[in-house]
Peer 1: 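Before I ask anything, here is the structure I am working with.
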Amino acid sequence: MSKVVVVTSGKGGVGKTTSSAALGAALAQAGQSVVVVDFDVGLRNLDLVMGAERRVVFDLVNVVQGDAKLPQALIKDKRLETLWLLPASQTRDKEALTEEGVEKVMDGLRARFDWIICDSPAGIEKGATLAMRFADQAVVVTNPEVSSVRDSDRIIGLLDSKTRRAEGGEKVDKQLLLTRYDPVRAARGEMMKVEDVLEILAIPLLGIVQESPDVLTASNLGCPVTLHNPASAPARAYADAARRLMGEEVTMTTPREKRGFLERLFGRKVAA
Amino acid sequence: MSFLNFFNRNRSSAPVARERLQVLLAHERAFSGRTDLAERLQKEILAAIAKHIPIDGDKVVVRLDRGDQVSTLEIDIEVPEQVLAR
């Protein structure tokens with residue numbers, strides 16, 4: 001049975017696209033067939049983060065409006081056999097999406113893939129609500145920062161009320177992906193800790209991705225961070241999160257501050 | 001900046017963030033999915049009063065104010081002079 005997962009957050013810039021690409025690639029590396037769908041019509045970026053920007057011909061809006069067939073719009077990843085991308089349109093806006101159209105696309109994708117990862121746009125308008133509309137489960141991407149946590153809380157409310165599953169009396173499984181976490185600042189009391197965010201949002205934890213220069217490097221190169229440098233901290237965090245999505249029990253390790261005696265003494269931050 | 005402030009700067013702003021969020025979200029959750037509450041109340045109250053007194057819809061103001069401890073619902077209805085004079 002295929003699973004539709006929405007990667008959402010409410011707030012922009014918290015790492016939805018990075019996480020969609022990284023989780024999609026990690027699932028594909030684990031042998032699953034995966035399609036990552038960009039719902040950010042008008043501001044598409046998943047193609048760029050996945051390094052497929054020059055191969056986009058047709059897009060989600062073309063398929064929704066019947067101008068192209070689904071297989072024509074799907075782009076196969078150059079590195080992984082089982083990873084595919086369905087790009088968003090860059091020239092249209094979110095109003096070009098219809099619920100019936102999106103439902104048809106989702107049905108078509110369910111027939112072909114194990115995992116359908118829906119990369120939601122920021123906000124709570126049409127693009128975001130349609131991205132979550134047909135989801136079986138949700139990855140709520142949150143930074144340990146007040147506005148992000150507040151927006152995530154709002155999104156959790158929408159997942160519980162505005163999805164097909166919620167309206168049918170079923171549940172959308174929601175899991176928290178805490179990104180841009182800085183253990184050094186958390187230890188100093190400058191940033192909310194994992195426990196703080198978990199207590200406030202009260203949903204299970206899917207993973208903790210710490211702030212890392214590897215994320216920018218990977219996006220510069222158009223490569224999901226899990227493929228670019230599999231040994232890096234964010235890559236391992238995403239790989240673990242992907243295994244948890246597949247239902248595996250993986251021990252959660254909270255990133256700790258890596259500071260030597262001198263740094264401790266002078267309270268300086270080190271790039272971990 | 002005092003001597004103590006020098007050592008305390010940047011310290012422990014996280015607990016403040018956590019507390020502010022807890023207070024804020026408690027309120028927002030209570031009213032979530034009911035963002036149109038004030039509007040609905042306005043309509044229903046208007047309908048109830050209109051059964052007995054002819055009133056102008058624009059003269060009914062419903063205000064919802066969420067405070068730290070208590071929230072207030074303020075309803076302001078302007079009744080035309082001649083109705084009460086009768």
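The basis for the numbers below is simple: all heavy atoms, side chains too, and nothing from hydrogens, waters or symmetry mates. The sequence lines fix the lettering, A, B, ..., with proteins before strands; numbering per chain opens at 1.
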Peer 1: Could you check whether any side-chain N or O of R244(A) sits under 3.5 Å from a backbone N or O of L206(A), counting only pairs where one atom can act as donor and the other as acceptor?
Peer 2: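 A pair under 3.5 Å: yes.
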Peer 1: Check whether any side-chain heavy atom of Q137(A) sits under 4.5 Å from a side-chain heavy atom of L245(A), and report yes or no.
Peer 2: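 Side chain of Q137(A) against side chain of L245(A), heavy atoms only: contact under 4.5 Å found.
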Peer 1: Ignoring hydrogens, what is the shortest heavy-atom contact between I116(A) and V37(A)? Give both atom names and the distance.
Peer 2: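 Smallest interatomic distance, heavy atoms only, reads CG2-CG2, 3.9 Å.
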Peer 1: Side chain, backbone, both or neither: which part of D196(A) has a heavy atom under 4.5 Å from chain B?
Peer 2: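 Contact with chain B involves both backbone and side-chain atoms of D196(A).
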Peer 1: Any side-chain heavy-atom pair from V14(A) and D151(A) closer than 4.5 angstrom?
Peer 2: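 No, side chains not in contact.
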Peer 1: Closest approach of P144(A) and R180(A), non-hydrogen atoms and distance?
Peer 2: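 In this case the closest contact between P144(A) and R180(A) is CD-O, 4.0 Å.
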Peer 1: Are side-chain heavy atoms of V149(A) and L201(A) found at a separation under 4.5 Å?
Peer 2: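 Yes, close enough: below the 4.5 Å cut-off.
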Peer 1: Do K16(A) and S9(A) have a side chain donor and acceptor closer than 3.5 Å?
Peer 2: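 There is such a pair (donor and acceptor under 3.5 Å, judged by atom type) between the side chains of K16(A) and S9(A).
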Peer 1: Give me the contact list for residues 162-170 of chain A versus chain B, heavy atoms only, anything under 4.5 Å, ordered by residue number.
Peer 2: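 When heavy atoms of chain B are the reference, residues 162-170 of chain A contributes no residue within the under-4.5 Å range.
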Peer 1: At a heavy-atom separation under 4.5 Å, does M191(A) approach chain B through its side chain, its backbone, both, or neither?
Peer 2: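 The answer is the backbone of M191(A).
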